[in-house]
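First the structure, in the form of structure tokens, and then the observations on it.
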Number of protein chains: 2
Amino acid sequence: MPRQKSYDRQNAITKACNAFWEHGFQSLGVRELERLTGLNQFAIRSEFGGKEGLYLETLNYYCDAAISAEMAPMKQGGIPEIVSFFKGLVTPGSMTSSDYGCLIVNTGIENARIQSPRLENAVRSYWNTLEDHFLIALENEQAEQGEGAAFTPHILAASLVPAVMGIHAHNRSHRDQTAGRPLVDLICSILSGYRPL
Amino acid sequence: MPRQKSYDRQNAITKACNAFWEHGFQSLGVRELERLTGLNQFAIRSEFGGKEGLYLETLNYYCDAAISAEMAPMKQGGIPEIVSFFKGLVTPGSMTSSDYGCLIVNTGIENARIQSPRLENAVRSYWNTLEDHFLIALENEQAEQGEGAAFTPHILAASLVPAVMGIHAHNRSHRDQTAGRPLVDLICSILSGYRPL
DNA sequence: ATTATTTCACTGCAACTGTATAGAAATGGA
DNA sequence: TCCATTTCTATACAGTTGCAGTGAAATAAT
């Protein structure tokens, strides 16, 4: 019965994600958004609930992709998997590596003004999820090493999260997805030091 | 001969700095800027060269203040002065500690769209200055320790800069100027480890 | 007091914002 | 073919943006 849609929903979300990632939320007008995603204004409103709705959808898409592609291995792993995650932050081709930094970091900084609780929750949830993954991997590691482990999982996990933010922020600032490598190397060497041979 | 101005220039810059720090550049309209700074539109245009001119002035003010208040000690110091700098990032009352993160980090992330070369230069210059201060302090430290120092100054300096960004980003994201403390502690303990008794 | 100069408050302007609405176009069943 | 339903394009709308212009107010030297 209905007329067929002129866009592919998932494809539009992917394009919207890239667009917001690069330009931010406020700077990206609805008309430019149409152009970059292939959506039309009616679709943005009826399918996603307006610009903010579409943004929220892209945030969820980004989070899910990052979690399943980059974080997930840490749940079954230890320090080596954390090291892999950090290396992914500055490895071209990785989901979590981009000249535009990280959509969540960017949102967290921009959202201070927008003050949208929905956006705030999405951001907070992402960082909680990351910290949880770090924590699980560190607890796995601790269980493997026994009581002699030279770190406290929950404290170390809490300090790795802002390090991730800093790598992203540095990448975006330099518009270079490998710019944060020195800190990645430092973190990785510290973590490796916690893992006796 | 001239009519006296209704504002104090330095006071206006200070207020503008706080306003931009909290709200960002794009989100803060000229009319709200008037309200928050005590300036009038004519003054913003004639005295500062419009909104972007005023923003640039606040960036310079912020940079100068941060450099002289927090970075300067590192030029004559070593690792203890670097440690002090990091602690300042999460110490209420410090110039470099704020619930709104860091004006320069925020600008670096927001400016990806604005693409103003003047803003870009201000940001880049700030991070270069910080890295230079780290480098000098580390070289001082190395000179004091002799050839046995367990770090390479220019590599370590380059990795400390994104760590600073991450602490700021974390603070802003949590709207809590002490939120980045776990990473601060981690960095400080690493640095202290580089300094034999 | 008159004058020249500067700063002021106020209004106007074109461009843009996100959203809403209206009518045309497409679709598949009756 | 006609119809109900959905999506499309296009226009309209009220609100905001940064900036420019205009005449009044203030100031200090003449």
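Every chain is numbered from 1, with letters handed out A, B, ... down the list of sequences.
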- Message: Rounded to whole Å, how long is the line connecting atom CD of Q26(B) with atom P of dG18(C)?
- Response: 12 Å
- Message: If I take atom CD in residue E32(A) and atom P in nucleotide dT19(C), what distance separates them, rounded to the nearest angstrom?
- Response: 16 Å
- Task: Specify whether Y62(A) and W21(A) have parallel, tilted or perpendicular ring planes, treating 30° as the upper limit for parallel and 60° as the lower limit for perpendicular.
- Result: perpendicular
- Mind telling me whether F151(B) and Y194(B) have parallel, tilted or perpendicular rings, with 30° and 60° as the class edges? tilted
- Applying ring-ring contact (aromatic ring centres under 6.0 Å, His included) to W127(B) and not counting sequence neighbours gives none
- Which letters describe nucleotides 8-15 of chain D, given B = protein heavy atom under 4.0 Å from base, S = only from sugar-phosphate, - = neither? BB--B---
- Taking for each residue the nucleotide of DNA chain D with the nearest heavy atom, is it G49(B) or E47(A) whose nucleotide lies nearer the 5' end? E47(A)
- Message: Which residues pass the ring-ring contact (aromatic ring centres under 6.0 Å, His included) test with H170(B), not counting sequence neighbours?
- Response: H174(B)
- Taking atom C1' of dC19(D) as reference, at what distance in whole Å does atom CG of L54(B) sit? 14 Å
- Item | Rounded distance (Å) that lies between atom C1' of dT17(D) and atom CZ of R45(B) | 15 Å
- Query: Which nucleotide, dG18(C), dG18(D), dG21(D), lies nearest any side-chain atom of V30(A)?
  - Reply: dG18(C)
- Item | Interatomic distance where NZ belongs to K51(A) and P belongs to dT17(C) [whole Å] | 8 Å
- Message: Please report the distance, rounded to the nearest Å, between CD in E52(B) and P in dT17(D).
- Response: 17 Å
- Query: Would you call E57(A) and R9(A) a salt bridge, using N to O less than 4.0 angstrom?
  - Reply: yes
- Task: Using atom CG of L39(B) as one end and atom C1' of dA9(C) as the other, report the distance to the nearest whole Å.
- Result: 14 Å
- Message: Check whether Y7(A) forms a cation-pi arrangement with K15(A) (NZ or CZ under 6.0 Å from the six-membered ring centre, at most 45° off the ring normal).
- Response: no
- Note on the structure: Separation of dT17(C) atom P from E34(A) atom CD, nearest Å, is 11 Å
